[in-house]
Protein chains: 2
Amino acid sequence: MIENTDSAVLLRVRDFLATTQLPDGGRLPPERELAEFLDVGRGALRKALATLQAEGVVWRHVGKGTFTGERPIDTVADINAMVQRTNPLEVMGARIAFEPEVARCAALNATPSQIAELRGCMLKAQQAPTWRLYEQWDNRLHRSIGEASQNSLLLGLLDTLNAVRRAVTWGRLRDTPVRPPPDHHSFEEHARIVEAIADRDGAGAADAMRRHLRSVESHMRDLR
Amino acid sequence: MIENTDSAVLLRVRDFLATTQLPDGGRLPPERELAEFLDVGRGALRKALATLQAEGVVWRHVGKGTFTGERPIDTVADINAMVQRTNPLEVMGARIAFEPEVARCAALNATPSQIAELRGCMLKAQQAPTWRLYEQWDNRLHRSIGEASQNSLLLGLLDTLNAVRRAVTWGRLRDTPVRPPPDHHSFEEHARIVEAIADRDGAGAADAMRRHLRSVESHMRDLR
DNA sequence: TAAGCAAACCAATCATGAATTGGTTCTGAC
DNA sequence: GTCAGAACCAATTCATGATTGGTTTGCTTA
C-alpha cells in the first residue's frame, strides 16, 4: 500500500468527486464500496469524509448514504409557534389579505372540473342541515379554491393558515342544532366568488372573496 | 334474513356507530367484517356507508379503511414536502400573489421605527459590494416589510414562503464577483415600495411590490 | 507503542413482496 | 329487478430483509 496518510486519502476523495462529476445532491457510493475502489481502509475514508462534511462539500445520514452539497433544510413551519403568537383578529386579517389573491389565481387557472367541484361545495353548504356540516363544506369550498389556483405552494400556505385558524378558533364551533337560515349572508357571497371564478374574472373573484371575509369578520364581532 | 332495506341497514350502521363509541377519527372494522357482523350484504353496507360519508359522519379511503369524523387534509406544513411539490415558477407566482398584500398591511400598520428600518435595508442593499450581500439585504428588506405588517401570522406565512423559495432556488446564487450595477432595476422599485409604505398608501405599496416582483420574474426568465 | 486495516455489530433507512381494504364487476338465486 | 355473494382491481399498509453510515473490537504492521 502506498502512503495512505490522512491528507493523501483526502486528496484522493476530492479527486474522485472531481472526476465523477455528480449532479448537485447526488449520491456517492457506499463507504464500503468507495473504500475498496480507492484502495483505502474504511476508517481512513471516513476521516476524509468527515473533513469534507465539515467543509460542507458533502453530507451524510445513516441508512441514506453520502450526498454532495449541503444537507437539505428540515425546518417545518411550526404551526404551534404561530398559534401562540397570534390571535383570532390576526387570523382574520391574514385571511383577508391572502385568500382574495388565492381566489384571483383560481379564477385564472381553475379547470372546468374544479369549477364544478366549487359549485358542488357551495350547494352542499347551502343544504347543510346543521351548522357543523355547513362549516365543513365551507372549509372545503375555501380549500378547493386553493386547489383551483393550480399552485401547490399557495395551497400549502393556505393549509398552514387554515391549520392555525382551526387551532386558534378551537372550541368555538357553534353546536346550535339549528341549520343556517336560507338567507344566510354567506350563501350569496359564496355564489359571487364561485361565479367570478367561473367567469375567469380574477379581480371580481378577489373582490368577492374580500367582501365575504369582511362580512364574516363583522359577524364574528357581533357574536361577542 | 330480516328486512334489509336500505334504511334498515343505515339504521343498523348508525346504531353500531353509537354503541361502539369510537374516538373521533377512529377506524371502523373493514367492510367485509362489518357486513358479516351486522348480518348484511356488503353492497347494502356500502350504500349505507356512502350515505354516512355524504353526511360527513365518516370518510373512507382505499387501502386505509373507514374512519369517523372528517377527512383530515394533509396539511403540508412540512417545508420539504412543499419544496418537492413546487417549482421556481410557482414560487414566483405565490410571491406575486402574497407579498403585495403584505406590503399593503405594512403601509397601514408600520411604526415609524419600522419604516426607518426599511429605509436602512434599502440603503444597505444599494451599497452592497457583492451580489451575495445584496441578496442578503434584499431578503431582510422583504422580511422587514412582513414585520411591519404587524401581523405575526402573515409574517409566519412569509417566512414559510421564503424558506421554500431559498430551498427551491438553491444553488442558483449568482457568484459573479461584480456588485449590482448602480442602476439595478430593483433599487428604484424598492424605493417606491418603501415610500408608499411611509406614505401610508396601501394600494400604492401593493402595486409597487407587484411591479417589483414582476420585474424580478422577467429578469429571472431572461437568465435562462 | 501507535496507526491502520478488516471484521463484526448497531440503528436508521430503504426496498420488496404479501396481506389488507375500499371500489367495481359479474353471476346466480329469489 | 334486486340483492347477496364471489372474484377481481388498485391503493395502502405491514412485515421482513437488505443497505448504509456510525461504532467497537481485535489483529497486523511498521
Side-chain angles (χ1 to χ4, degrees), chain A residues 1-13 16-17 20 22 25-74, chain B residues 1-13 16-17 20 22 25-74 76 78 80-81 84-85:
Chain A
M1 191 134 323
I2 330 168
E3 54 168 348
N4 272 352
T5 163
D6 289 359
S7 58
V9 175
L10 185 55
L11 276 179
R12 222 180 294 188
V13 178
F16 173 84
L17 285 177
T20 72
L22 300 152
R27 181 171 159 187
L28 277 67
E31 290 181 354
R32 293 163 177 85
E33 289 183 20
L34 189 55
E36 186 181 11
F37 178 78
L38 297 179
D39 194 22
V40 169
R42 197 178 159 216
L45 174 61
R46 284 184 53 73
K47 268 191 194 172
L49 287 177
T51 305
L52 292 177
Q53 186 171 30
E55 290 177 359
V57 179
V58 301
W59 66 276
R60 307 183 277 178
H61 194 301
V62 194
K64 287 182 178 176
T66 306
F67 304 83
T68 64
E70 297 181 22
R71 181 193 312 296
I73 57 173
D74 189 25
Chain B
M1 191 138 318
I2 331 170
E3 54 166 349
N4 272 352
T5 163
D6 289 359
S7 58
V9 174
L10 186 55
L11 276 179
R12 224 181 292 187
V13 177
F16 174 84
L17 284 176
T20 72
L22 301 151
R27 180 171 161 187
L28 279 68
E31 291 182 353
R32 294 163 176 84
E33 289 183 21
L34 189 54
E36 186 181 13
F37 178 77
L38 297 179
D39 193 23
V40 170
R42 196 180 159 213
L45 173 61
R46 283 184 54 73
K47 267 193 193 172
L49 287 177
T51 304
L52 292 177
Q53 186 173 28
E55 290 176 0
V57 180
V58 302
W59 66 277
R60 307 183 277 178
H61 194 299
V62 192
K64 288 183 176 175
T66 306
F67 303 84
T68 62
E70 306 176 21
R71 162 185 273 105
I73 57 175
D74 52 344
V76 273
D78 184 359
N80 279 328
Q84 288 182 349
R85 289 183 202 173

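So that the names make sense, note that chain A is the first sequence line, chain B the second, and so on, each numbered from 1.
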Looking at Ala48(B) and Leu10(B), what are the two nearest heavy atoms and their distance? O-CD1, 3.7 Å

Report the distance from atom CZ of Phe67(B) to atom C1' of dT12(D), rounded to the nearest whole Å. 10 Å

Considering only nitrogen or oxygen atoms on both sides, find all protein atoms under 3.5 Å from nucleotides 21-27 of chain D and state each distance.
residue, atom, partner, partner atom, Å
dG21(D), OP1, Thr66(A), N, 3.3
dG21(D), OP1, Thr66(A), OG1, 3.2
dG21(D), OP2, Glu31(A), N, 2.8
dG21(D), N7, Arg32(A), NH1, 3.1
dG21(D), N7, Arg42(A), NH2, 3.4
dG21(D), O6, Arg32(A), NH2, 2.9
dG22(D), OP2, Arg46(A), NH1, 2.8
dG22(D), OP2, Arg46(A), NH2, 3.3
dG22(D), OP2, Arg60(A), NE, 3.3
dG22(D), OP2, Arg60(A), NH1, 3.0
dG22(D), N7, Arg42(A), NH2, 2.7
dG22(D), O6, Arg32(A), NH2, 3.3
dG22(D), O6, Arg42(A), NH1, 2.9
dG22(D), O6, Arg42(A), NH2, 3.4
dT23(D), O4, Arg42(A), NH1, 3.4

I need the CD-C1' distance between Glu33(B) and dT21(C), as an integer number of Å. 10 Å

Rounded to the nearest 0.5 Å, what separates atom CZ in Arg42(A) from atom CZ in Arg46(A)? 6.0 Å

Could you check how far CG of Leu38(B) sits from P of dA4(D), rounded to whole Å? 12 Å

Integer-rounded Å distance: dC3(D) C1' and Leu10(B) CG: 17 Å

How long is the line joining NZ of Lys47(B) and P of dG5(D), in whole Å? 15 Å

Report the residue from Leu52(A), Leu45(A), Leu34(A), Val58(A) that forms a side chain to side chain contact (heavy atoms under 4.5 Å, CB included) with Thr66(A). Val58(A)

So Phe16(A) and Phe37(A), would you call those rings parallel, tilted or perpendicular, with 30° and 60° as cut-offs? perpendicular

Can a donor-acceptor pair be found, under 3.5 Å and without considering hydrogens, that links the side chain of Arg12(B) to the backbone of Leu38(B)? yes

Closest heavy-atom contact between Arg60(A) and Glu31(A)? NH1-OE2, 3.3 Å

Gap between atom CD of Gln53(B) and atom CH2 of Trp59(B) - 0.5 Å precision: 9.5 Å

Range-with-range stems of DNA chain C (Watson-Crick or G-U pairs under 3.5 Å, three or more in a row): C:1-30 with D:1-30

Between C1' of dG4(C) and CZ of Arg12(A), the distance in whole Å: 14 Å

Closest non-hydrogen atom pair, Arg27(B) against Gly65(B): NE-CA, 4.5 Å

